[in-house]
Amino acid sequence: PGDKEEFDFVYTWARDYNETTPRGSIGKLGILVDTIRNSFIRNRLPNGNTFYGINEQARQAEIILKVYPNPASNQFSLLLSSDPMPNTTATIINSQGLPVINPRLLTNKMNSYDVSGLSPGLYFIQVQSDKGFATVKLLIIR
C-alpha cells in the first residue's frame, strides 16, 4: 500500500510497401523499435526534443491540476492551482488519444464536467495555456 510503480510502453507498427512478403515489414519494425529504444535511453525524441512524463510536463508548465472525485461516475470537478490565463482550455482525451469532449475555455479555478455520456474507462484531461500544458488522469466507473 502506498507504493508507486511506473510503466513505460510503446505501441508501434511498420509496413514495408516495397516488399511482397511479411518479412520486409518485420525488418522495418525492428529498425523502428531500435530507434525508439535508443531515443528512450538518451531521453531524446528523434526530432531532438526531450521526453516528458505526465507529472514532469505539469511541473514544467507550472499548471497544477486536481480532479475530484477520481474515479468519477457522472461528473467531476477540475481545480486549477491559480486563476487560468486567457486562452486556457481543457480537453478530455480517451485512451486512444482522441478528444471525446472538445476543448473548453476555462475562466475559473473550479470547473465542473458532466461525463455521464462517456463509457467507463481511463481518460486524460489536458489543460493548455500560452505557457504550456499539463495532463492528469481520470477514471470513469459505473
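Index from 1, following the sequence. Since we're looking at a predicted model, the values are computed, not measured.
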Specify the closest pair of heavy atoms between [X] and [Y], including all atoms of both residues, with the distance to one decimal.
X: Leu65; Y: Ile125; result: CD1-O, 4.5 Å
X: Ser95; Y: Phe124; result: CA-CE1, 4.3 Å
X: Tyr113; Y: Ala90; result: OH-CB, 3.1 Å
X: Pro99; Y: Thr91; result: CB-CG2, 3.8 Å
X: Pro69; Y: Leu138; result: O-CD1, 4.4 Å

Rounded at 0.5 Å granularity, tell me how far [atom1] in [X] sits from [atom2] in [Y].
X: Ile141; Y: Asn74; atom1: CD1; atom2: CG; answer: 10.5 Å
X: Ser112; Y: Leu79; atom1: OG; atom2: CG; answer: 10.5 Å
X: Gln75; Y: Ile140; atom1: CD; atom2: CD1; answer: 11.5 Å
X: Lys66; Y: Tyr68; atom1: NZ; atom2: OH; answer: 10.0 Å

Fill in: Stepwise side-chain contact (heavy atoms from CB on, under 4.5 Å) test for Leu106 and Val127
CA-CA 9 Å; Leu106 301 179; Val127 173; 4.0 Å; yes
Worksheet entry | Passing option when Asn94 is tested against Leu122, Leu118, Ile101, Val100 for side-chain contact (heavy atoms from CB on, under 4.5 Å) |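 It is Val100, the one option of Leu122, Leu118, Ile101, Val100 that forms the side-chain contact (heavy atoms from CB on, under 4.5 Å) with Asn94.
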Item to complete: Go through the steps for Thr12 and Val33 under the test side-chain contact (heavy atoms from CB on, under 4.5 Å), then give the verdict.
Response: CA-CA 8 Å; Thr12 187; Val33 167; 4.0 Å; yes
Item to complete: Quick one: which residue pairs count as a salt bridge (charged side-chain N to carboxylate O under 4.0 Å, His left out) with a foot in residues 104-123, not counting sequence neighbours?
Response: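 Matches after skipping sequence neighbours: none remain.
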Practice prompt. Could you walk me through whether Thr89 and Gln126 pass side-chain contact (heavy atoms from CB on, under 4.5 Å), step by step?
Written response: CA-CA 8 Å; Thr89 60; Gln126 185 177 62; over 6 Å; no
Discussion item. Determine whether Val115 and Phe76 satisfy the following criterion, side-chain contact (heavy atoms from CB on, under 4.5 Å), listing intermediate values before the conclusion.
Written reply: CA-CA 8 Å; Val115 290; Phe76 72 90; 3.6 Å; yes
What donor-acceptor contacts under 3.5 angstrom involve side-chain atoms of residues 19-32, with partners at least two apart or in another chain?
unit_1	atom_1	unit_2	atom_2	d
Glu19	OE2	Thr21	OG1	3.3
Ser25	OG	Asp16	N	3.0

Discussion item. Is it the case that the side chain of Ser39 and the backbone of Thr35 share a donor-acceptor pair, with hydrogens and angles ignored and the cut-off at 3.5 Å?
Written reply: yes
Discussion item. I'd like to know if the side chain of Asn111 and the backbone of Asn108 have a donor-acceptor N/O pair within less than 3.5 Å.
Written reply: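 A pair under 3.5 Å: yes.
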